[in-house]
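Given the structure is predicted, the values throughout are model-derived calculations rather than measurements. Lettering follows sequence order; numbering is per chain, from 1.
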2 protein chains.
Amino acid sequence: MLTDEYRYKILKLVQEKPEISQRELAKVLGISLGKTNFCLKALVDVGLLKVSNFRNSQNKLAYMYLLTPKGIEEKTGITMRFLKYKMQEYENLQAEIEELRRAAGESGDKEVE
Amino acid sequence: MLTDEYRYKILKLVQEKPEISQRELAKVLGISLGKTNFCLKALVDVGLLKVSNFRNSQNKLAYMYLLTPKGIEEKTGITMRFLKYKMQEYENLQAEIEELRRAAGESGDKEVE
DNA sequence: ATCATGCGTTCAGATAATGAACGCAGTTTA
DNA sequence: TAAACTGCGTTCATTATCTGAACGCATGAT
């Protein structure tokens with residue numbers, strides 16, 4: 001399943017390091033190789049990424065994932081959408097933390113740690 | 001699967017409305033009835049929730065989910081842990097938004113919306 | 001030539017999530 | 001009172017999703 005979370009994360013990582021391998025991507029993302037492969041293909045299918053070959057001196061032939069113009073353009077929107085969603089979660093939690101503090105009779109200005 | 005996300009959300013919802021039904025909980029959480037049932041049981045199993053019956057005037061006999069003393073105590077920790085995790089995500093995204101703004105040559109003080 | 005390495009790809013098996021269907025217990029209707 | 005109805009928690013076959021070992025291939029090393 002390709003969610004906004006992985007759309008965002010993969011586009012970001014690929015943009016930073018186009019020669020990244022699927023295995024490395026999987027490791028960074030904390031997901032399996034199979035899922036990584038699936039998500040990359042999905043991003044290629046919808047035209048956000050494209051694949052090209054490149055010669056790697058030390059390593060063998062490898063792929064390179066590049067953001068298409070569409071990918072570059074949509075990445076911003078995807079990121080914004082994802083941020084908005086996360087911001088909402090974050091604010092809800094902040095409110096909950098405040099409630100907990102009030103319930104515990106604390107001063108309310110302590111740091112979460 | 002019972003994750004911190006659902007530990008937190010369920011404990012919160014149950015605390016606010018102990019007489020909530022599994023179906024209503026499922027709807028609010030955006031998950032299936034089966035998963036809701038599974039998560040509630042898991043929370044009972046680990047001693048964070050307990051079940052008791054109550055008489056509901058209009059409706060039939062129903063259950064009531066109550067936080068145990070352990071549940072009340074651990075809810076704070078679970079919430080804090082979940083917040084910390086979300087805060088990290090949120091901060092990473094904020095940084096990414098900044099990068100996007102810089103790349104787009106914007107002024108950097110626009111609101112996300 | 002042979003081996004070793006690392007790549008993307010595949011897919012059988014494991015894991016997780018779904019929601020229709022069930023039995024039960026109150027409430028309403030006939 | 002009996003029968004139909006409602007909404008509850010529970011179950012579990014089905015479906016969706018994820019995993020990672022194994023494969024073929026291309027390169028570099030021996």
Please report, rounded to the nearest Å, how far the P atom of D:dG7 is from the NZ atom of B:K27. 12 Å
Does a side chain donor of either B:Q88 or B:N92 reach within less than 3.5 Å of an acceptor in the other side chain? yes
What is the distance from NZ of A:K41 to P of C:dT9, rounded to the nearest Å? 5 Å
Would you indicate whether A:F38, at its atom CZ, is surrounded by more than 12 heavy atoms from other residues, nucleotides or ligands within a distance under 6.0 Å? no
A:L40 CG to C:dT10 P, in whole Å, measures 13 Å
Does A:Y65 place a side-chain N or O at less than 4.0 Å from the phosphate oxygens OP1/OP2 of C:dG8? yes
Could you check whether A:Y65 and A:Q22, counting side-chain N and O atoms only, form a donor-acceptor pair closer than 3.5 Å? yes
Kindly point out which of D:dT19, C:dT10, D:dT10 is positioned nearest to the side chain of A:S32? D:dT19
Could you check how far CD of B:E5 sits from P of C:dA16, rounded to whole Å? 15 Å
Starting at CD of A:E24 and ending at P of D:dG20, how long is that distance when rounded to a whole Å? 18 Å
Specify the residue among A:L33 and B:Q22 whose closest nucleotide of DNA chain D lies further upstream toward the 5′ end. B:Q22
B:N37 has an atom CG; how far is it from atom C1' of C:dA21, in whole Å? 14 Å
What's the CE-P distance between A:M1 and C:dT18, to the nearest Å? 11 Å
Whole angstrom is fine here: how far is it from CD1 in B:I20 over to P in D:dG7? 16 Å
Looking at the side chain of B:K35, which of C:dG8, C:dA17, D:dT10 is the nearest nucleotide? C:dA17
Does B:R23 contact D:dG9 through a side-chain donor or acceptor facing the base, at a distance under 3.5 Å? yes
Would you say A:K17 and A:E24 make side-chain contact, with heavy atoms under 4.5 Å? yes
